[in-house]
Amino acid sequence: MNAECSAGADAREGLLSIDLQAIGENYLDLRVRLASGSRCGAVVKADAYGLGMAQVAPALHRRGCRDFFVATQAEGERLRRQLGADVSIVVLTGVRPGCELACARAGLKPTLFTLQQLRDWVAICGRAPCAVKVDSGMTRLGMTPEEFELLLADRELLRAADIRMLLSHLACADEPGHPQNAHQLRNFKSAGERLRGLCPAIQLSLSNSSGIFLGEAYHFDIARPGCALYGVNPVPGSPNPMRPVVELSLPIVQKRHVSSDCCVGYGATQGVAAGGWLAVARGGYADGILRAQGGRGCGWACGRRLPMVGRVSMDSTTFDITALDDAERESLRAIEILNRHLTVDEVAGYAGTIGYEILTSLGNRYYRRYK
Ligand SMILES: *Cc1c(COP(=O)(O)O)cnc(C)c1O
């Protein structure tokens with residue numbers, strides 16, 4: 001028996017290359033865009049958008065990042081073990097009732113978004129540092145304007161708590177012309193100034209990746225970019241200022257000549273005429289080749305785009321390689337799904353989604369190579 005054949009993830013099962021150097025350069029690029037006095041944090045939630053927090057976070061740390069944001073306490077605890085004590089870690093979705101002490105002991109700052117959460121935190125953890133989120137207009141997480149007024153009026157609570165950061169999140173930062181941006185900016189600025197009057201050391205944080213590109217007024221003390229670090233275009237509709245980070249290559253497991261007109265894949269949704277050539281690649285919707293791309297998406301080989309045909313299956317995807325010449329077809333071993341030409345944003349367009357979902361869907365069946 002060949003041990004190599006059962007050894008788990010192998011480059012021959014699909015190769016996902018993640019360029020840590022590019023992530024580091026994207027971090028530095030965002031940092032120099034910030035207003036002076038404003039720090040650049042990094043959002044590494046959801047396993048660094050699917051790219052591997054264990055590799056990505058130390059790479060950012062080496063570039064000087066000391067302000068990290070995660071979604072859950074478990075992610076925060078893992079990050080704390082990885083990076084040690086000298087970084088700030090904010091948990092964006094708060095803290096579950098009953099987990100307050102564990103959160104404080106791990107040195108994580110939960111983002112609290114109700115007055116009751118803040119009261120509970122102070123009752124259980126005293127002056128353990130925390131963050132507060134105010135809703136400036138997105139209507140998702142955050143204290144409502146009414147609740148925020150109650151917070152400002154509760155001097156006793158403000159004295160008892162150690163609120164290190166006030167956050168809010170922009171709903172339309174990727175649409176620079178959207179009036180919601182200016183509206184949220186006004187609300188956040190006013191909330192921040194009023195709370196700072198009572199808690200002078202508090203840091204203000206509003207911008208995600210796209211928010212950084214809205215201008216210095218949006219930068220405040222700490223920016224919280226995620227997607228742009230990982231190569232997703234933070235300014236849709238304009239050329240992507242970020243370096244590409246991910247390449248994904250799928251091995252071809254079968255090539256076939258079409259001898260008579262046929263239909264490809266589940267549902268027989270798409271026809272191929274006699275004389276054509278098909279290549280079946282290993283990798284399907286269980287590997288983040290989103291099924292919604294079926295019949296619309298493409299792969300990349302020999303310097304050109306090759307259309308997907310038929311539906312994407314769970315473990316395989318079929319491509320029309322008729323456009324290749326004989327020699328190219330003969331030597332074809334793999335087809336790329338993401339690269340510097342076929343970007344995360346383009347692929348997201350085929351699937352009717354956003355680059356974020358392409359990255360976070362990549363799954364764990366690929367062999368991962370970190371550069
Ligand atoms: C995910 C997230 C971010 C990062 O957003 P990007 O658009 O990926 O830059 C920032 N802030 C909050 C609250 C988030 O949930």
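Here the structure is a predicted model, which is why all the values come from computation and not from measurement. Both counts, for ligands and for their atoms, begin at 1 and track the order of listing. In this chain, numbering begins with 1 at the start of the sequence shown.
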Which atoms of ligand 1 have any heavy atom of [X] under 4.0 Å away?
X      : value
Val43  : 3 (C), 4 (C), 10 (C)
Tyr49  : 1 (C), 4 (C), 5 (O), 6 (P), 8 (O)
Lys45  : 1 (C), 2 (C), 3 (C), 14 (C), 15 (O)
Leu92  : 12 (C), 13 (C), 14 (C), 15 (O)
Pro225 : 9 (O)
Lys133 : 13 (C)

Subject >> Per-residue contact class, Phe69 against ligand 1 - non-hydrogen pairs under 4.0 Å >> reply: neither
**OP:** Mind checking whether Arg224 contacts ligand 1 via backbone (N, CA, C, O), side chain (CB onward), both or neither, at a 4.0 Å heavy-atom cut-off?
**Re:** both
**OP:** Before accepting this row, confirm whether a basic side-chain N of the pair Asp19/Arg340 lies closer than 4.0 Å to the acidic partner's carboxylate O.
**Re:** no
Original post:
Do Arg194 and Glu149 sit within salt-bridge range, that is, some charged N less than 4.0 Å from a carboxylate O?
Top reply: yes
Protein contact to [atom] [nearest heavy atom, distance to 0.1 Å]:
atom                   : answer
atom 9 (O) of ligand 1 : Ser209 OG, 2.6 Å
atom 7 (O) of ligand 1 : Tyr356 OH, 2.6 Å
atom 5 (O) of ligand 1 : Asn208 CB, 3.4 Å

**OP:** Just say parallel, tilted or perpendicular for the rings of Trp300 and His341, cut-offs at 30° and 60°.
**Re:** parallel
Original post:
For the residue pair His61 and Phe68, does the interplanar ring angle fall in the parallel (under 30°), tilted (30 to 60°) or perpendicular (over 60°) class?
Top reply: parallel
Original post:
What pair of heavy atoms forms the shortest contact from Ala71 to Lys45, and how long is it?
Top reply: N-CB, 3.5 Å
Original post:
Shortest non-hydrogen contact from Ala281 to Ile335?
Top reply: CB-CG2, 3.9 Å
Original post:
Under a heavy-atom criterion of less than 4.0 Å, does Tyr230 contact ligand 1?
Top reply: no
**OP:** Look at the side chain of Glu328 and the backbone N and O of Asp326, then say whether any donor-acceptor pair between them is shorter than 3.5 Å.
**Re:** no
Original post:
Under the 3.5 angstrom rule, does the side chain of Arg282 hit a backbone N or O of Ser316 as a donor-acceptor pair?
Top reply: no
